[in-house]
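Take a look at the structure below.
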Amino acid sequence: MIEMIDVYKSYPNGVNALNGINIKIEPGEFVYIVGPSGSGKTTFIKMMYREEKPTSGAVLINGKDVASYKNSKIPLLRRNMGVIFQDYKLLTNLNVYENVAYSLLVTEETRTRMKRRVMDVLELVGLKHKIRMKPQELSGGEQQRVSIARSIVRNPKLVIADEPTGNLDPETSIGILKLFEEINALGTTIVMATHNKDLVNNFRHRVIAIENGEIVRDEVKGEYGYDI
Amino acid sequence: MIEMIDVYKSYPNGVNALNGINIKIEPGEFVYIVGPSGSGKTTFIKMMYREEKPTSGAVLINGKDVASYKNSKIPLLRRNMGVIFQDYKLLTNLNVYENVAYSLLVTEETRTRMKRRVMDVLELVGLKHKIRMKPQELSGGEQQRVSIARSIVRNPKLVIADEPTGNLDPETSIGILKLFEEINALGTTIVMATHNKDLVNNFRHRVIAIENGEIVRDEVKGEYGYDI
Amino acid sequence: MIFKSLFYHFKESWKNLFRNAWMTFASVSSVAMTLLILGGFIVMTMNLNYITQGVENKVEIRVHIDRTAEKDEVTAMRSKLEHVKNVKSVEFSSKDDELELMRESWGKNSSVLDMFEQNNPLHDVYVVKLVNPQDVEKAAKDIESIDFVDKLQYGKGFVNNLFNVTRIGRYVGIGLIVGLIFTTIFLISNTIKITIIARRREIEIMRLVGATNAFIRWPFFLEGIWLGTLGAAIPIGILSLAYYYLYTNVVERLNVQFLQLLPPNPFLYQLAGILIGIGSIIGVLASLMSIRKFLKV
Amino acid sequence: MIFKSLFYHFKESWKNLFRNAWMTFASVSSVAMTLLILGGFIVMTMNLNYITQGVENKVEIRVHIDRTAEKDEVTAMRSKLEHVKNVKSVEFSSKDDELELMRESWGKNSSVLDMFEQNNPLHDVYVVKLVNPQDVEKAAKDIESIDFVDKLQYGKGFVNNLFNVTRIGRYVGIGLIVGLIFTTIFLISNTIKITIIARRREIEIMRLVGATNAFIRWPFFLEGIWLGTLGAAIPIGILSLAYYYLYTNVVERLNVQFLQLLPPNPFLYQLAGILIGIGSIIGVLASLMSIRKFLKV
Ligand SMILES: Nc1ncnc2c1ncn2[C@@H]1O[C@H](COP(=O)(O)OP(=O)(O)OP(=O)(O)O)[C@@H](O)[C@H]1O
Ligand SMILES: Nc1ncnc2c1ncn2[C@@H]1O[C@H](COP(=O)(O)OP(=O)(O)OP(=O)(O)O)[C@@H](O)[C@H]1O
Ligand SMILES: [Mg+2]
Ligand SMILES: [Mg+2]
């Protein structure tokens with residue numbers, strides 16, 4: 001599903017965020033990306049949905065190099081995945097319902113099916129009672145859950161989650177992780193960057209550790225690792 | 001130092017975020033605020049620096065009701081505290097150094113002392129090498145650390161931290177917590193809302209648990225509690 | 001595919017006007033102000049032009065016919081006049097007609113003219129109108145050489161000066177209108193651009209969750225139309241009312257001979273068309289152009 | 001306390017112009033455009049006013065003195081003329097002076113006048129100027145009744161019409177300038193307000209980290225000044241160059257008798273003052289007014 005070949009990424013300010021990444025993630029896998037703050041996890045993730053292009057190397061999604069996508073075709077790439085951004089990226093003009101529904105609107109879903117689906121995922125993340133509120137009226141964790149709901153509403157084949165539980169209490173975090181495991185069991189690939197040691201250690205999956213833009217560890221059913 | 005008497009807070013949209021809070025925090029204390037997502041922790045914190053006014057009840061900081069502050073005097077209240085916001089609130093126009101220095105500038109600190117102090121705190125959070133970068137060029141955790149640096153640069157008597165480690169790896173989180181303990185040892189009061197069970201359980205301090213806007217637990221040297 | 005969600009875009013663009021209420025107010029009022037200036041200027045220039053034409057058409061050479069001329073000589077004179085270059089029309093006005101005219105223009109004092117009833121001291125006159133009134137001097141020279149011309153009456157130097165001024169005025173007016181149109185376009189698009197730049201984050205997020213450029217553009221496109229038309233409606237209203245009032249009341253009272261305004265009926269509709277056109281087209285172009293740079297994330 | 005960080009604010013406000021480069025460009029160019037229109041209009045109206053005054057001052061009644069008048073009768077006539085209401089000045093012009101004048105105005109054809117050298121057929125003339133040229137008709141009537149007045153020369157109906165038009169024109173011009181100034185103020189403040197609203201988050205954060213309102217205001221205050229003055233500098237440059245060119249070249253060539261422009265020297269400086277004043281004051285007011293609503297967090 002995802003393949004990176006010799007991927008390097010330097011930002012315009014000279015930071016080398018990725019230094020030769022080679023990785024292959026098969027369809028249906030559940031992968032944690034771990035590593036210290038600033039090690040390149042978010043950059044790694046941005047490669048997949050083509051927010052950033054690699055400086056060199058190739059990023060293949062379903063066998064197709066994302067760098068080869070024309071600007072106008074990028075949305076089509078992104079429609080096949082659901083992304084939970086580290087900073088949520090909610091539309092402040094829209095309320096909770098509309099934020100989640102927007103993902104379906106862009107694919108021209110019919111209205112009735114859309115409504116049911118949006119209410120379902122909002123129920124899953126426990127926000128069904130707040131559909132009329134704007135993001136600014138939500139707590140940090142609630143915003144994060146809207147972002148999670150939006151990422152899964154399209155039933156994507158790939159969910160990319162960047163620190164999806166940073167503002168959630170352990171109980172809710174576990175709920176979200178179980179949700180991910182459920183959709184993973186239905187065949188969805190999950191790539192999740194996280195600092196949450198408890199989650200990684202209690203729900204064992206493949207663990208890829210990045211440090212200074214390099215993969216330093218790649219374990220099936222791994223542990224969080226960084227013990228202190 | 002901080003006293004809340006029968007504090008209620010209803011947001012304009014009808015949400016009752018705080019339902020009768022009574023609490024007293026003495027100078028020099030270290031207090032964790034815990035509780036599920038959306039329980040009212042951030043609202044509780046916003047009361048202290050007067051981003052929100054209580055709907056009823058009194059919030060006393062150093063014996064003075066914050067609601068009584070005239071609009072033009074609020075900045076003076078805020079200068080005596082350092083706040084780490086859940087969403088960082090960095091100035092996107094300014095670079096890392098300037099963001100931290102801004103807190104000192106507003107108090108008309110002299111330039112040379114300012115420079116030394118800013119570099120010192122940036123060193124403490126491990127960002128000395130990124131002083132020229134804009135917030136947008138930083139990883140999530142790096143932004144959070146800039147926000148932490150800004151909150152302590154003024155040597156405030158009170159540090160209020162809202163989920164300060166949500167985007168930090170465990171090692172960095174522990175570093176930040178040790179930093180807080182150090183300045184707490186020097187007499188600074190620390191109030192920290194957090195979901196980080198490991199931190200709360202390993203660095204024991206007073207724990208106040210909030211659920212549905214009410215205080216359900218208040219323990220000296222408490223535990224995170226919510227076991228699953 | 002696009003039409004399926006057209007209703008959504010429609011609703012969305014309309015909602016956005018209220019969501020960003022202050023921005024909307026600022027844009028619409030700026031558009032309205034600039035179009036008001038432009039519209040006012042168009043009204044002024046077109047009317048000045050009309051007035052000038054009126055004055056030009058009033059330019060006539062009154063050819064006094066020598067009293068000694070016989071009837072057939074007078075007739076011959078007419079055909080000679082008609083053959084002078086630049087002459088548009090020649091009309092005969094007998095000395096009795098002339099007396100009548102004088103009587104009219106003297107109004108209530110005209111009774112003193114009664115004594116001339118029997119012995120009219122005036123001349124018969126040929127009233128000559130010109131194709132190109134600005135060349136009155138040349139035509140006059142040609143006419144003077146015709147037999148039995150007693151005297152010519154027309155506004156000499158002053159008319160000339162007036163023509164010079166109106167010619168300059170016309171060029172300046174056209175120049176200013178063209179300049180103003182560009183300025184208006186620039187100002188409107190600037191305002192709309194700024195409001196959209198303020199929403200760049202929004203556009204970036206839309207791209208990131210898989211919206212195509214076309215899908216993102218639609219609400220902005222429609223918003224541009226609303227802003228433009230709303231902004232045009234205000235000056236159209238103001239200008240129409242003001243012009244109608246001016247036309248029906250003020251001008252009549254002032255009673256200045258050659259101050260005649262364009263009749264409101266086709267004119268105000270044309271004006272409305274121009275302003276709505278500029279407003280909405282620019283609104284649309286400005287919003288499309290300014291979101292373009294955010295559509296590459 | 002404020003002055004300690006004045007240098008910081010200075011630097012900061014200047015940096016902000018570059019940080020928000022696009023917004024700066026949009027604001028400055030909008031300010032420039034509106035001030036260009038306003039400035040152009042001021043130039044036009046003030047010159048039209050000047051020209052009109054010129055025309056008005058040229059209004060004179062030429063009183064032809066009866067050839068039979070004796071020397072002392074002519075002298076007596078002068079004092080009578082001077083006592084007529086509304087008369088500003090009376091000047092004598094002998095028939096030889098008149099011939100000379102005629103010679104001048106005929107230019108190269110003036111040699112035909114040589115035959116009059118010995119036997120001048122013209123009249124001596126009193127040239128009467130009026131305090132209030134618009135009441136020329138009334139003064140003429142009064143003068144006609146004086147002894148030894150042979151004939152009066154002055155532009156009758158046309159002058160009257162011209163005065164009506166210029167009077168209206170002057171009111172309209174002043175009205176338009178006042179209107180334009182308000183429009184300009186409105187447009188400029190709108191533009192600056194939008195750019196600041198786009199930065200509301202920034203202002204809120206500043207308040208949250210303990211900046212006083214005064215501290216926050218300073219950079220915005222200075223930014224307003226920069227935007228205003230930069231925006232004014234451009235139209236001042238354009239208008240000055242254009243006006244100077246017009247004044248020195250075009251007008252001379254056109255050689256239209258009564259088209260005289262205000263001399264650039266004090267005029268352009270006054271214009272620059274007005275534009276910079278409006279630009280910067282409005283820039284400042286607009287930024288201060290628009291941050292006010294964000295200063296209550
Ligand atoms: N847009 C950008 N421009 C320039 N540099 C950037 C940008 N984004 C990230 N960086 C730099 O690239 C490096 C990797 O950043 P990245 O966001 O990938 O880290 P991360 O592993 O996600 O960290 P965290 O756990 O704190 O979110 C960091 O040093 C950061 O400063
Ligand atoms: N500005 C606001 N306007 C309206 N409602 C709000 C606002 N801020 C918070 N709320 C509501 O108040 C309740 C408490 O929110 P608060 O942010 O205090 O929760 P929290 O304990 O900080 O949660 P988290 O752990 O997710 O950050 C939530 O139900 C939220 O929806
Ligand atoms: Mg990251
Ligand atoms: Mg919170």
Side-chain angles (χ1 to χ4, degrees), chain A residues 11-15 17 34-43 85-88 95 125-127 129-130 132-145 162-163 165-176 178 193-198 200 202 209 211 224-228, chain B residues 11-15 17 34-43 85-88 95 125-127 129-130 132-145 162-163 165-176 178 193-198 200 202 209 211 224-228:
Chain A
Y11 283 107
N13 63 0
V15 173
V34 300
S37 169
S39 59
K41 300 182 296 299
T42 299
T43 307
F85 305 94
Q86 195 168 9
D87 54 354
Y88 319 153
N95 64 32
V125 298
L127 284 178
H129 56 299
K130 302 217 162 173
R132 294 273 161 259
M133 290 194 194
K134 293 281 175 71
Q136 311 86 276
E137 300 171 73
L138 298 178
S139 81
E142 285 163 348
Q143 291 179 36
Q144 193 155 36
R145 284 180 279 157
D162 196 353
E163 196 63 62
T165 60
N167 280 295
L168 295 178
D169 54 285
E171 195 179 336
T172 313
S173 301
I174 288 170
I176 296 298
K178 285 185 173 154
T194 187
H195 291 302
N196 198 318
K197 187 174 152 186
D198 288 350
V200 177
N202 290 326
E211 282 177 34
Y224 183 77
Y226 302 92
D227 285 316
I228 344 115
Chain B
Y11 283 108
N13 64 1
V15 173
V34 301
S37 170
S39 58
K41 301 182 296 299
T42 299
T43 307
F85 305 94
Q86 195 166 9
D87 54 355
Y88 320 152
N95 64 30
V125 299
L127 283 177
H129 56 299
K130 303 217 162 172
R132 294 274 161 259
M133 290 195 195
K134 292 282 175 70
Q136 311 86 275
E137 298 171 75
L138 298 178
S139 80
E142 286 163 346
Q143 290 180 36
Q144 194 155 35
R145 283 181 278 156
D162 198 353
E163 196 64 61
T165 60
N167 280 296
L168 295 179
D169 54 285
E171 193 179 338
T172 313
S173 301
I174 288 169
I176 296 298
K178 284 185 174 153
T194 186
H195 292 302
N196 196 319
K197 187 173 151 188
D198 288 350
V200 177
N202 291 326
E211 282 177 31
Y224 182 78
Y226 301 92
D227 284 317
I228 345 112

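Residue numbering restarts at 1 for every chain, and letters A, B, ... go by the order of the sequence lines. Atom set for the values below is all heavy atoms of this structure, side chains included, hydrogens, waters and symmetry mates excluded.
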Identify which part of [X] has an atom lying under 4.5 Å from any heavy atom of chain B, answering side chain, backbone, both or neither.
{"X": "S37(A)", "answer": "both"}
{"X": "D87(A)", "answer": "neither"}
{"X": "R132(A)", "answer": "neither"}

Any idea which of N13(B), T42(B), T172(B) has the most non-hydrogen atom pairs under 4.5 angstrom with chain A? N13(B)
Give the member of Q86(B), H195(B), K134(B) that has the highest number of heavy-atom pairs under 4.5 Å with chain A. H195(B)
Nearest-0.5 Å distance that lies between atom [atom1] in [X] and atom [atom2] in [Y]:
{"X": "K41(A)", "Y": "D169(B)", "atom1": "NZ", "atom2": "CG", "answer": "6.5 Å"}
{"X": "D162(B)", "Y": "N167(A)", "atom1": "CG", "atom2": "CG", "answer": "8.0 Å"}
{"X": "K197(A)", "Y": "D198(B)", "atom1": "NZ", "atom2": "CG", "answer": "6.0 Å"}

Please enumerate all residues that pass side-chain contact (heavy atoms from CB on, under 4.5 Å) together with V200(A), with sequence neighbours excluded. Y32(A), V34(A), T194(A), V207(A), Y224(A)
